[in-house]
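Presented below is the structure to which this report refers.
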Amino acid sequence: MPIFADPAPVSPKAVGRAVIVMGVSGCGKSTLGAMLAQALDCPFLEGDSYHSAAAVEKMRGGEALTDEDRWPWLDRLGAAIAGTVAAQGVAVAACSALKRTYRDRLRAAIGVPVHFILLDNDRDELLARLGNRPGHYMPASLLDSQLATLEPPLPEEGAMILTTNVPASELRDRALAWLGSGLAGLGSHRRDS
């Protein structure tokens, strides 16, 4: 059953919106993010592209990132999203955004309403997906550290939580329904299973 909470409504006439598809590695952020960007006819920003070379090598070596590793990455990604929204009006990004402090930092950097969509699934399914990503720098051995770090959004954050046990096209349709026509009326917390 979906859970709803209604924080302050977002004016449909407000200019600038960002959608961030979030979750641990292997949950499908990039797939859903790209599909949403295509449906919304806006740019898609892949959060992994904003990691420093040192951070990528650290993860490739099986070492989890610390907050100190993540702050500059979040700042780069937040600035890129803000610039894209300023130029295009809407942007969709994929970013783990595991902690509320990370999401708050992104919101502050972006400066317009940000709507988070958490993709959720059980550990075994996520491990299976990670095993099907040959050549990706993020090893499956880091999944447990990400799951331990994850702070799911609270109702007052106005996020949507989707369980990724259905085809990506269905997740896209659920997310688009939540976002609403033209991204109007955003701001509810919803969990769809």
Side-chain angles (χ1 to χ4, degrees), residues 10 14-61 63-120 126 130 133 135-139 142-143 145-154 157-162 164 171-172 175 179 183 186:
V10 177
V15 176
R17 308 244 191 291
V19 178
I20 297 179
V21 183
M22 62 170 286
V24 299
S25 188
C27 70
K29 297 181 296 289
S30 298
T31 299
L32 181 59
M35 292 174 80
L36 286 173
Q38 181 178 21
L40 296 169
D41 192 28
C42 70
F44 172 66
L45 290 82
E46 173 54 68
D48 286 347
S49 300
Y50 294 85
H51 278 298
S52 69
V56 169
E57 286 309 309
K58 189 173 185 178
M59 289 182 282
R60 190 184 315 275
E63 191 175 347
L65 298 181
T66 65
D67 285 352
E68 290 71 30
D69 296 320
R70 288 185 176 109
W71 298 133
W73 166 62
L74 293 167
D75 292 342
R76 284 189 297 274
L77 179 58
I81 295 169
T84 302
V85 169
Q88 304 288 326
V90 180
V92 176
C95 174
S96 55
L98 298 174
K99 293 182 179 180
R100 182 170 186 163
T101 55
Y102 303 165
R103 296 186 294 274
D104 289 345
R105 192 166 183 125
L106 286 166
R107 284 185 191 99
I110 297 166
V112 298
V114 180
H115 310 287
F116 287 93
I117 300 171
L118 170 64
L119 300 184
D120 193 19
L126 293 166
L130 288 172
R133 296 192 330 172
H136 195 277
Y137 64 80
M138 180 72 169
L142 290 179
L143 178 62
S145 71
Q146 284 201 327
L147 289 169
T149 302
L150 178 63
E151 297 171 0
L154 298 172
E157 289 187 75
M160 178 181 211
I161 303 172
L162 292 170
T164 59
L171 295 173
R172 177 204 57 215
L179 293 170
L183 295 175
L186 300 175

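Values below: all heavy atoms of this structure, side chains included; hydrogens, waters and symmetry mates excluded. FYI, the numbering just counts along the sequence from 1.
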Check: Leu179 and Leu40 side chains under 4.5 Å, non-hydrogen atoms:
yes
Heavy-atom closest contact (Ala82 atom, Ala109 atom, distance):
CB-O, 3.6 Å
Is the number of heavy atoms from other residues, nucleotides or ligands within 6.0 Å of CD (Glu151) greater than 12?
yes
Roughly how far, to the nearest 0.5 Å, is OG of Ser52 from CG of Leu65?
8.0 Å
For Val92 against Gly33, the heavy-atom pair lying closest together:
CG1-O, 3.4 Å
Ring pair (Phe, Tyr, Trp, His ring centres under 6.0 Å) partners for Tyr102, two or more places apart:
Trp71
Sub-4.5 Å side-chain heavy-atom contact between Met35 and Leu171
no
Determine yes or no for a side-chain-to-main-chain donor-acceptor pair under 3.5 angstrom, with Glu157 supplying the side chain and Leu154 the backbone.
yes
With sequence neighbours left out, the residues meeting side chain to side chain donor-acceptor pair (under 3.5 Å) with Asp104 are Arg107
Using side-chain heavy atoms (C-beta onward) and a distance below 4.5 Å, is Leu36 in contact with Arg172?
yes
Smallest heavy-atom separation, Gly78 atom then Ile110 atom, equals O-CG1, 3.7 Å
Using the rule given for side-chain contact (heavy atoms from CB on, under 4.5 Å), can you reason through Thr101 versus Arg70, listing the C-alpha separation, both sets of side-chain angles and the distance that settles it, and then say yes or no?
CA-CA 11 Å; Thr101 55; Arg70 288 185 176 109; over 6 Å; no
Rounded to the nearest 0.5 angstrom, the CG-OG distance for Leu150 and Ser96 is 9.0 Å
Contact between Thr164 and Leu32 at the side-chain level, heavy atoms closer than 4.5 Å - yes or no?
no
Contacts satisfying side chain to side chain donor-acceptor pair (under 3.5 Å) that involve residues 76-88 (not counting sequence neighbours) are none
Does Tyr50 reach the side chain of Cys95, with side-chain heavy atoms less than 4.5 Å apart?
no
Using 0.5 Å steps for rounding, measure from the CD1 atom of Ile161 to the CG atom of Leu118.
5.5 Å
When you measure from the side chain of Lys29 to the backbone N and O of Val21, does any donor-acceptor pair fall under 3.5 Å?
no
Is any side-chain heavy atom of Ile20 closer than 4.5 Å to a side-chain heavy atom of Ile81?
yes
Smallest heavy-atom separation, Val112 atom then Gly16 atom, equals CB-O, 3.7 Å
Non-hydrogen atoms of Ala175 and Leu162 that approach each other most closely:
CB-CD1, 4.4 Å
Report yes if the side chains of Pro152 and Asp120 come closer than 4.5 Å at any heavy-atom pair, otherwise no.
no
Residues Phe44 and Ser30: closest non-hydrogen pair is CZ-O, 3.8 Å
So, do Met22 and Arg103 sit near enough that their side-chain heavy atoms are less than 4.5 Å apart?
yes
